[in-house]
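Here the structure is laid out as structure tokens; the discussion comes afterwards.
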Amino acid sequence: MARLFYTKFPDMKSFQVDIEETPGPEFGDLSSIICFKVSKTLGIPPIDLAKMVATNIKLDESSLVKSVEAAGSGYLNFFLNYKKVNGLTLHSVRTLKESYGFLKSESPDSILVEHSSINPVHAIHVGQARNSILGDALCRMLRARGHHVQAHFYVNDAGRQTAIVAYGYERLGRVKSNIKPDHYIGQIYSVTSCLVEVRNLKDRLRRLIDERKKDERLEVQKRLDEWTGIAFELSSRYPELVGRRSRVISDDHDPEGQINGLLKRYESKDQAARDLIREVSGLCIEGFKQTFSRLGISFDFWDWESDLIWSGRVSDILKQLSRTGYVSSEGGVLRLESGRAVKEFGLHRLLGVTKDYDLPSVSLTRSDGTTLYITRDIAYSILKFGLCNRVINVVGMEQLHEQLHVRVALFVLGMEAMAERQRHFSFGLVKFPGEKMSSRRGRIITLDEVCDEAVRRAYLEVDKRTPTLDELEKKSIAETIGIGAIKYALLSVEPAKEVEYSWDRVIDFETNSAPFINYGYTRANGILRRLGKIGGDVRYEMLTHPLETRLILTIAKFPNVFVEAAEKLRPDILTSYADLLTKQFHEYYEHVDITHLENVELRDARGSLVEALRTVLRNCMGVIGITLAERM
RNA sequence: GGGCCCGUGGUCUAGUCAGGAUUAUGAUGCUGGCCUCCGGAGCCGGUGGUCGUGGGUUCAAAUCCCACCGGGCCCGCCA
């Protein structure tokens, strides 16, 4: 059609001929609004143009399009030649199987995806799970698109939080525990950080009493009361830990100084500090790995922040930055003047901020010479580009400014190409209603809990519906269904939106959920089991029922849907597609018989459609990391 | 105060980037039907919407532009 259009109106080549969905079957299978777009330039009403195209278009037996109609005030509607479309679609699925739909990029790239990167100080909570699940889905989609992808986990072991938990762990006498290591570290973190906070506030209050500053004293007293309350809450939850911790930290005359000292010694690669912090972080990461493995998420590399410091990369970058003229020193603290850099380099467009926005300066070091997170992250970005051409950072949107500063820093260092090829894949926060989650208060809903609960609920369902299965199989099915449900719930919402989740929401077994899709999948399995082997020569042209041609058309669209999802980094496009496809299959199943047919050829043709559907569902879910159970 | 993101039936959600069909997607809720079946975690129907508000552009606006309102996040010698 495009060719016809261009030969008739040669100057119209700048218009792209887009083909779209139609609102219903009466408007054909596909349609185009090209006539509206060009009517003004040509000075011909859209409907006249549409009629011109419809009457002039040449179609023959081998064409995929059966007829073209001009409709409405200028639409072009296409009716497909199903004899051709059916065969082409179902034959491709049958031949390509697990690779059907995964069109390879014409320009495959080397892409590094950093995701998860949870601080090794407590167990993974549901909010962070969105990061991991999205990040993993992106990796899978990009790989399927033909890119070379490496997944990296950035271990933040050089921050204050790690020093706090390491300090607490040391004071406890490095006692091991039989609870899951990341949960154990999390308990120590909450308790230590709380007691240190109480201690600091008490010290401050004592100084303020001497100085007779009433307003500030009241403010500090208020915070102290709050933290004392938290301490009480924690002591009822982990009585033994708090009891022992409380004593040893009270004995310490300067816990704050101890923590800062530990951090400083760690940065300078002191052996004892190194052994301690690496042991604590390692324990926590061991716990992460257990959780990730349960979710089928894996990383190619674990990059330790401390290695960046020890290798001298961070101080090198700091030196280089200092020479750019965009770093100033304020009382021993080095600061990057991002705002000025943005103005002088004209980075507003690249960064997506308004022209007169003055990005504030940002500190690169503490006054004791230790580096800050952002400084290490700049060095990390450069390291990443030594390994790939494109970087995707899966980081919550609360870190927008931090990500902006990193790109500004790359720019002032003369590494424009890196700044342009680094993308912040941001996503909204996950909240549970009520109290805000706080790891310092030990109040988090962990991903492990959510998994356990989802699997427990899935097991009850499986047991109720298929009690005849043996115990081991029921458990295995429940695991697949439960984990899939969690992933689907977190993937099916557009990443930019923030979400308020409840238990019922995360563990959704209703329509528009992974179990719904899985149910369609097992239905397909059931039919195919009953049919047995389908013959080699399938007469696809026998599939003429409206419900089955619609289903075939949807299957035919999968490759385009996949490409769109991968290019836009939108896993939710694939969850929506899978939901639509499943729904269409359920409708088909309710209205059209398959296994009872006397006509063997029609039965096999329909069987091959079911087989194709099953393949597409499996491919579609698999590419975002969701496994479907064969039975349920 | 400044910056970024999000506002679509009671609740949740697609469509917004690339404006098009007097019919705005789907789920959930409430409600009426459908199993001598290919597995009812399903299907068929009913109910329910000022697409946050107000302007503008256009033959045509949920979609583009401007202003405003509501919610979230950030503006640390935290990460």
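Everything numeric in this text was worked out from a predicted model, so none of it was measured. By convention in this document, chain letters (A, B, ...) are assigned in the order of the sequence lines, proteins followed by strands, and residues within each chain are numbered from 1.
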How would you label the contact of A:His401 with the nucleic acid (heavy atoms, under 4.0 Å): base, sugar-phosphate, or nothing?
base
Going by a 90° cut-off around 0, is B:rC35 syn or anti?
syn
With sequence neighbours excluded, tell me which residues meet side chain to side chain contact (heavy atoms under 4.5 Å, CB included) with A:Gln422.
A:Ser381, A:Phe385, A:Val391, A:Asn393, A:Gln403, A:Val406, A:Arg407, A:Leu410
Which string of ( ) [ ] | and . matches RNA chain B, if you list each base 5' to 3' and count Watson-Crick or G-U pairs only when both distances are under 3.5 Å?
(((((((..(((.......[.....)))((((((.......))))))....(((((..]....))))))))))))....
What about A:Ser513: does its side chain form a donor-acceptor pair under 3.5 Å with the base of B:rA27?
no
Short side-chain N/O contact to B:rC37 OP1/OP2 from A:Tyr589, under 4.0 Å
no
Suppose you measure atom P in B:rU8 against the same atom in B:rG49; what distance do you get, rounded to whole Å?
15 Å
Output yes when a side-chain donor or acceptor of A:Asp182 lies under 3.5 Å from a complementary backbone atom of A:His122, and no otherwise.
no
If you measure from the C1' atom in B:rG70 to the same atom in B:rA60, how many Å do you get, rounded?
30 Å
Rounded distance in Å between the C1' positions of B:rG29 and B:rG2:
42 Å
Looking only at atom P, what distance separates B:rU47 and B:rU53, rounded to whole Å?
24 Å
To the nearest Å, give me how far apart CD (A:Glu587) and P (B:rC34) are.
19 Å
When you measure from the side chain of A:Asn525 to the backbone N and O of A:Glu630, does any donor-acceptor pair fall under 3.5 Å?
yes
Each nucleotide in nucleotides 5-15 of chain B should get exactly one letter: B, S or -. Can you fill that in based on protein heavy atoms under 4.0 Å?
SSS----S-SS
Selected nucleotide, minimal atom distance to A:Glu564 side chain, candidates B:rC43, B:rC17, B:rC75
B:rC17
Could you check whether A:Leu429 gets within reach of a base, just the sugar-phosphate, or nothing at all, counting any heavy atom under 4.0 Å?
sugar-phosphate
Side chains of residues 329-336 of chain A: which donor-acceptor partners sit under 3.5 Å, not counting sequence neighbours?
unit_1   : atom_1 : unit_2   : atom_2 : d
A:Arg335 : NH1    : A:Ser363 : OG     : 2.6
A:Arg335 : NH2    : A:Ser361 : O      : 3.4

Which nucleotide wins on minimum distance to the side chain of A:Tyr519, given the candidates B:rG40, B:rA21, B:rG2?
B:rG40
Taking A:Arg160 as the fixed residue, which of A:Thr370, A:Leu372, A:Ile259 is the one that meets the side-chain contact (heavy atoms from CB on, under 4.5 Å) rule?
A:Ile259
Could you tell me how far B:rG32 sits from B:rU36 if I compare only their C1' atoms? Round to whole Å.
24 Å
Measuring from A:Phe288:CZ to A:Ser116:OG, what's the distance to the nearest 0.5 Å?
9.0 Å
Please give me the minimum heavy-atom distance between A:Pro571 and A:Ile624, naming the atom from each residue.
CB-CG2, 4.0 Å
Side chain of A:Leu400 (C-beta onward), nearest among B:rG26, B:rC4, B:rG39
B:rC4
Provide the distance between the two P atoms, one in B:rA21 and one in B:rU28, to the nearest whole Å.
27 Å
Taking any heavy-atom pair under 4.0 Å as a contact, classify A:Asn260: base, sugar-phosphate, or nothing.
nothing
Using atom P of each nucleotide, how far apart are B:rC44 and B:rU50 to the nearest Å?
27 Å
A:Glu598 and A:Arg603 ion-paired at < 4.0 Å
no
Salt bridge check: are A:Lys568 and A:Glu564 linked by an N-O gap of less than 4.0 Å?
yes
Does a side-chain N-to-carboxylate-O contact under 4.0 Å join A:Lys384 and A:Glu114?
yes
What contact category does A:Val395 fall into here, base, sugar-phosphate, or nothing, at under 4.0 angstrom with non-hydrogen atoms?
nothing
Between A:Arg530 and A:Ile477, the residue closer to the 5' end of RNA chain B by nearest nucleotide is A:Arg530
Using the closest heavy atom to pick a nucleotide of RNA chain B for each, name whichever of A:Asp358 or A:Glu461 lands nearer the 5' end.
A:Asp358
Considering residues at least two apart in sequence or located in another chain, which fulfil the side chain to side chain donor-acceptor pair (under 3.5 Å) criterion with A:Thr375?
none
Between protein and nucleotides 77-79 of chain B, what N or O pairs are separated by less than 3.5 Å?
unit_1 : atom_1 : unit_2   : atom_2 : d
B:rC77 : OP2    : A:Arg335 : NH1    : 3.3
B:rC77 : OP2    : A:Ser363 : OG     : 3.1
B:rC77 : O2     : A:Ser367 : N      : 2.9
B:rC77 : O2     : A:Ser367 : OG     : 3.2
B:rC77 : N3     : A:Ser367 : OG     : 3.0
B:rC78 : OP2    : A:Arg366 : NE     : 2.7
B:rC78 : OP2    : A:Arg366 : NH2    : 3.0
B:rA79 : OP1    : A:Arg366 : NH2    : 3.1
B:rA79 : OP1    : A:Arg376 : NH2    : 3.3
B:rA79 : OP2    : A:Tyr373 : N      : 3.1
B:rA79 : O2'    : A:Asn119 : OD1    : 3.2
B:rA79 : O2'    : A:Asn119 : ND2    : 3.0

Whether A:Lys583 and A:Asp579 form a salt bridge (side-chain N of Lys/Arg under 4.0 Å from carboxylate O of Asp/Glu) is what I want to check.
yes
Over 60° means perpendicular and under 30° means parallel, so tell me whether A:Tyr519 and A:His586 are parallel, tilted or perpendicular.
parallel
Considering only the P atoms, how many Å lie between B:rC64 and B:rU23, rounded to the nearest integer?
25 Å
